[in-house]
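Let me begin by presenting the structure, written as structure tokens, before commenting on it.
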Amino acid sequence: MTTAKQPAVWIRGGTVVNADGERTADVLCVDGVIAAVGEGLDVPVGAEVIDAGGQYVMPGGIDPHTHMQLPFMGTVTDDDFFTGTAAGLAGGTTSIIDFVIPDPKQPLMDAYRTWRGWAEKAAADYGFHVAITWWDESVRRDMGALVQDEGVNSFKHFMAYKNAIMADDETLVNSFRRALELGAMPTVHAENGELVFLLQQEMKAQGLSGPEAHPLSRPPAVEAEAAQRAIAIADVLNVPIYVVHVSCAESAEAIARARARGQRVYGEVLAGHLVIDDSVYRHPDFNVAAAHVMSPPFRAPEHQAALWRGLQAGHLQTTATDHCTFCAAQKAMGRLDFSKIPNGTGGVEERLSVIWDAGVNTGRLTPSEFVAVTSANAAKLFNLYPRKGCVAVGADADLVVWDPAASKTLSVATQHSKGDFNIFEGRTVRGVPTHTLSGGRLAYVRGDLRAEPGQGRYVKRPAFGPVFDALSRKAALAAPQAVARTTI
Ligand code: URP
Ligand code: ZN
Ligand code: ZN
């Protein structure tokens, strides 16, 4: 990481948007942090000036779900930590939370150190969730070390991917309980892996071997069962839970019901699931259909409406991408067998524009709600707030200057991501970044991407202390004043 002093940056005349409101104000960034927000600021001589008239100034996006350089399904994703974070910067995303995914029986700390090494070339700030793919006493111990020494405050559980990284109920129970002890957030990929496995075999037995079988082997009920099971386990153990990539009405409703009962359950939606439907799997070109293979799959259009409603109602709190890119040659590993197509799609670069265009331009979200679901809520849920997720004095100068009037047509031809496909191909979005600041540095200026390897920092995310106690319903009932400290 470069530590040389950077020139101050003065963002003048924009509308500053935070999750709790907006106002006209200048923003001054000095030495990587926000030094002042207001009018008539005392600006150092030589400061770089950005004229933000007519534009919004917002906290940079936080993508809480990416997979850069992930070894997965017999191959490795195209984007590494440099190309992936650079693509994010081009789209206004200044932080990612990626995943350390140990192989079953691999010590957690070994995997964690491997991922830390891979991520050293990141161009933007990053943290890690660590997946719990197996269980024994060493896993329990390493979870403690990760939380207490390494700044990991969330653990991921894949309820799918049988015979690979799937966590069974025993692992879920042990890990959730340990997470609660440590003040860490358990998260789940909710799909019933046994049912997926069975349905995949049945599809193939019926002669369905192409990508059209992918969504058929992972119907909404398979996701809903797992979401409900994870929520029930979390309820019994009295631990909060975060459900990643909620893709269907049934899961969103399970989360809403649990929240209505007072359970601390949180849900994440992917930009892709909000705007792309399952017709993509019936595309006659294998390469196009396979390029959309990800799990849970894109759903019928009525599910998109349910996801938007979840975001609007606050039952679902964050948006992410699950950025996990594979090129056509990699997807072709499953040409004869859809269950071998590496699962994953991109989006880290496009998320903000897609959600602004489909969310704010349609009146579904206000600009402040946009900030909440693209940045602030993830910062709060993963304990990065207020260092990140808000435009305020003392926060990291991770900012996006946003032109709500400018349009762009998204395309593989112009993307910065290394993938050879863009799931948003041809979509014209209104609302694009003109400038992205990462730690006070101008990383993107009107089409000019200035990302540099190694400029991203590993960001430690402390365990939840009293706030986390308040996250559990029973503790909340015992100490109602603590609840006020939670902000979602
Ligand atoms: O298809 C997906 N989502 N690939 C990445 C791994 C995961 O399940 O998150
Ligand atoms: Zn997943
Ligand atoms: Zn994922």
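For ligands, and for the atoms within them, numbers begin at 1 and follow the listed sequence.
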Ring centroids only, cut at 6.0 angstrom: are Tyr161 and Phe72 within range, meaning strictly under it?
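Tyr161 vs Phe72: aromatic centres under 6.0 Å.
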
Is the ring centre of His303 less than 6.0 Å from the ring centre of Phe298?
no

Decide, yes or no, whether a salt bridge links Glu181 with Arg177 under the criterion of side-chain N to carboxylate O below 4.0 Å.
no

Lys418 bridged to Asp79 by N-O distance under 4.0 Å:
no

Any side-chain donor paired with an acceptor under 3.5 Å for Ser175 and His157?
yes

Residue pair Thr428 / Thr409, side-chain donor-acceptor N/O under 3.5 Å
yes

To check your reading of the model: name the closest protein heavy atom to atom 4 (N) of ligand 1, its residue, and the distance in Å.
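I find the closest protein heavy atom is Asn343 O, 3.0 Å.
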
Among all protein heavy atoms, pick the one closest to atom 1 (O) of ligand 1 and tell me residue, atom and distance.
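So the nearest neighbour among protein heavy atoms is Ser295 N, 2.8 Å.
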
The atom name of the N, O or S atom in Asp322 nearest to the Zn ion (ligand 3) is OD1

Go through ligand 1 atom by atom and flag the ones less than 4.0 Å from a non-hydrogen atom of His245.
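Matching atoms, with element in brackets: 8 (O), 9 (O).
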
Per-atom contacts, ligand 1 versus Gly344 - under 4.0 Å to a heavy atom:
1 (O), 4 (N)

Please classify the Asp322 to ligand 1 contact at 4.0 Å (heavy-atom distances, strictly less than): side chain, backbone, both or neither.
side chain

Backbone, side chain, both or neither: what part of His189 comes under 4.0 angstrom of ligand 1, heavy atoms only?
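Answer for His189: side chain.
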
Any cation-pi pair here, Arg116 with Phe128, using under 6.0 Å and within 45°?
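The answer is no; the distance or angle limit is not met.
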
At the Zn ion (ligand 3), what angle lies between atom NE2 of His67 and atom NE2 of His65, rounded to 10 degrees?
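Reported to 10°, the angle equals 110°.
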
If the contact criterion is a heavy-atom separation under 4.0 Å, does Tyr161 count as touching ligand 1?
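Contact check Tyr161 vs ligand 1: positive.
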
Kindly give the atom name of the N, O or S atom of His189 closest to the Zn ion (ligand 2).
ND1

